[in-house]
Amino acid sequence: MSEKLIVALDFSDLKEAEKIVKKISPLVKTFKIGKELFTSAGPKAVEMVHSHKSRVFLDLKFHDIPNTVASACEAATKMGVFMLNVHAAGGKNMMISAVQAVHKATANLKISPPKVLGVTVLTSLTDQDLKEVGISKKVKQQVEGLTVLAKNCGLDGVVASGQEISIIRKVAKKNFLIVTPGVRPIWAAHGDQKRIITPREAVEAGADFIVVGRPITQHPQPLVAAEKILKEIEG
Ligand code: C5P
């Protein structure tokens with residue numbers, strides 16, 4: 001079960017992030033490095049996690065012209081990350097270029113390719129927000145359509161909120177990863193997360209990985225919090 005838990009290192013200070021990794025890496029195997037830590041610390045953040053024999057989900061949500069995204073994916077692959085992501089709204093050519101770049105880089109380096117995930121619709125966006133940017137579809141339809149596109153482009157999975165797991169599983173039944181953030185154990189504060197789901201509910205609904213940040217990183221005993229979450233998943 002510990003393979004399923006990804007802890008979000010939402011820090012701007014590398015030392016703070018390392019304190020958490022040191023405390024919980026005996027149990028947790030994967031850490032998410034997002035824009036905050038990567039913009040502050042750069043590739044050193046990835047090296048730090050690797051130095052504790054743990055894996056990195058590089059959550060930089062690439063979205064640009066295909067050539068630029070391919071180069072960014074190649075650079076991430078060379079750092080040896082376990083997972084990375086791109087915006088599915090970047091389109092077919094961009095996603096295909098991302099997957100090709102990852103495979104080309106791993107073939108040269110003789111390492112296994114990182115999982116490439118698509119971000120469908122950010123959970124902060126509503127139907128009205130989509131309308132304002134010229135998308136007439138409802139969020140759910142848009143998530144469904146972008147999931148099919150991401151799968152057809154060869155992506156390994158998507159990042160999806162708890163509410164979207166069932167829609168995604170309907171259109172991508174097998175061999176397609178679902179990584180779910182916005183997860184809150186029953187005992188934890190919700191913070192700014194609104195559409196939350198418990199770790200157990202997420203896994204039961206079909207999530208392959210859950211991403212948890214503050215309930216672990218802000219807990220007085222992060223290892224205890226991680227253990228509690230794993231126990232909750234196992235029931
Ligand atoms: O602290 P918390 O558990 O809320 O952290 C969740 C992590 O997952 C954060 O890094 C956040 O940016 C990310 N995330 C999210 N909801 C999404 C997508 C990503 O909370 N829909």
Side-chain angles (χ1 to χ4, degrees), residues 4-14 16-17 19-21 23-24 28 30-41 45-46 49 54-63 81-89 115 117-127 129-130 139-140 142-144 146-147 150 155 157-168 177-203 205-220 222 224-226 228-230 232-233:
K4 287 190 177 290
L5 178 61
I6 301 177
V7 173
L9 294 175
D10 292 324
F11 297 96
S12 56
D13 183 35
L14 187 58
E16 286 300 309
K19 272 187 208 162
I20 293 292
V21 177
K23 281 182 188 155
I24 65 176
V28 175
T30 315
F31 292 89
K32 182 170 88 71
I33 296 176
K35 290 190 176 88
E36 182 183 3
L37 184 58
F38 199 79
T39 305
S40 313
V46 175
V49 172
S54 301
R55 310 185 293 196
V56 172
F57 167 21
L58 191 64
D59 176 24
L60 297 180
K61 301 185 181 73
F62 298 132
H63 189 167
V81 303
F82 165 66
M83 230 180 223
L84 59 88
N85 58 7
V86 302
H87 269 284
K115 308 283 178 211
L117 304 177
V119 175
T120 56
V121 179
L122 290 172
T123 46
S124 52
L125 298 176
T126 62
D127 292 342
D129 292 316
L130 292 191
V139 169
K140 282 191 176 157
Q142 183 72 351
V143 167
E144 194 177 324
L146 287 175
T147 298
L155 264 64
V158 287
V159 181
S161 80
Q163 274 68 26
E164 295 156 5
I165 298 173
S166 58
I167 312 170
I168 292 164
L177 299 173
I178 300 179
V179 179
T180 301
V183 175
R184 283 290 174 276
I186 301 160
W187 46 266
H190 293 181
D192 53 5
Q193 295 283 11
K194 291 193 180 71
R195 293 189 285 148
I196 48 150
I197 184 167
T198 67
R200 179 100 192 249
E201 283 166 346
V203 171
D208 298 284
F209 293 93
I210 57 165
V211 179
V212 183
R214 290 161 292 179
I216 292 175
T217 58
Q218 306 300 315
H219 192 280
V224 172
K228 269 169 90 173
I229 289 173
L230 291 172
E232 198 179 311
I233 300 174

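In this chain, numbering begins with 1 at the start of the sequence shown. Side chains included, hydrogens not; waters and symmetry mates left out as well; all remaining heavy atoms used. Note that the structure is a prediction, hence the values are computed from the model and not measured. Numbering of ligands and ligand atoms starts at 1, following listing order.
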Qualifying residues under side chain to side chain contact (heavy atoms under 4.5 Å, CB included), relative to Q142, sequence neighbours excluded: V121, L130, I135, K137, L146
Would you please name every residue forming a side chain to side chain contact (heavy atoms under 4.5 Å, CB included) with S40, sequence neighbours left out? S12
Side-chain donor-acceptor contacts of residues 209-217 below 3.5 Å, not counting sequence neighbours, with atom names and distances?
residue	atom	partner	partner atom	Å
R214	NH1	D192	OD1	3.2
R214	NH2	D192	OD1	2.6
T217	OG1	G213	O	3.3

Flag the pair F31 / V56 as yes when at least one side-chain heavy-atom distance between them is below 4.5 Å, and no otherwise. no
Just so I know, are the side chains of I33 and D59 near enough to count as touching, which here means a heavy-atom distance under 4.5 Å? no
Between ligand 1 and the protein, which N/O pairs are shorter than 3.5 Å?
residue	atom	partner	partner atom	Å
ligand 1	1 (O)	R214	N	2.7
ligand 1	1 (O)	R214	NE	2.7
ligand 1	3 (O)	R184	NH1	2.9
ligand 1	3 (O)	R184	NH2	3.4
ligand 1	3 (O)	G213	N	2.8
ligand 1	4 (O)	R184	NH2	2.8
ligand 1	4 (O)	Q193	NE2	2.8
ligand 1	4 (O)	R214	NH2	2.8
ligand 1	10 (O)	D10	OD1	3.2
ligand 1	10 (O)	D10	OD2	2.7
ligand 1	10 (O)	K32	NZ	2.8
ligand 1	20 (O)	Q193	NE2	2.7
ligand 1	21 (N)	T123	OG1	2.4

Could you walk me through whether L37 and D10 pass side-chain contact (heavy atoms from CB on, under 4.5 Å), step by step? CA-CA 6 Å; L37 184 58; D10 292 324; over 6 Å; no
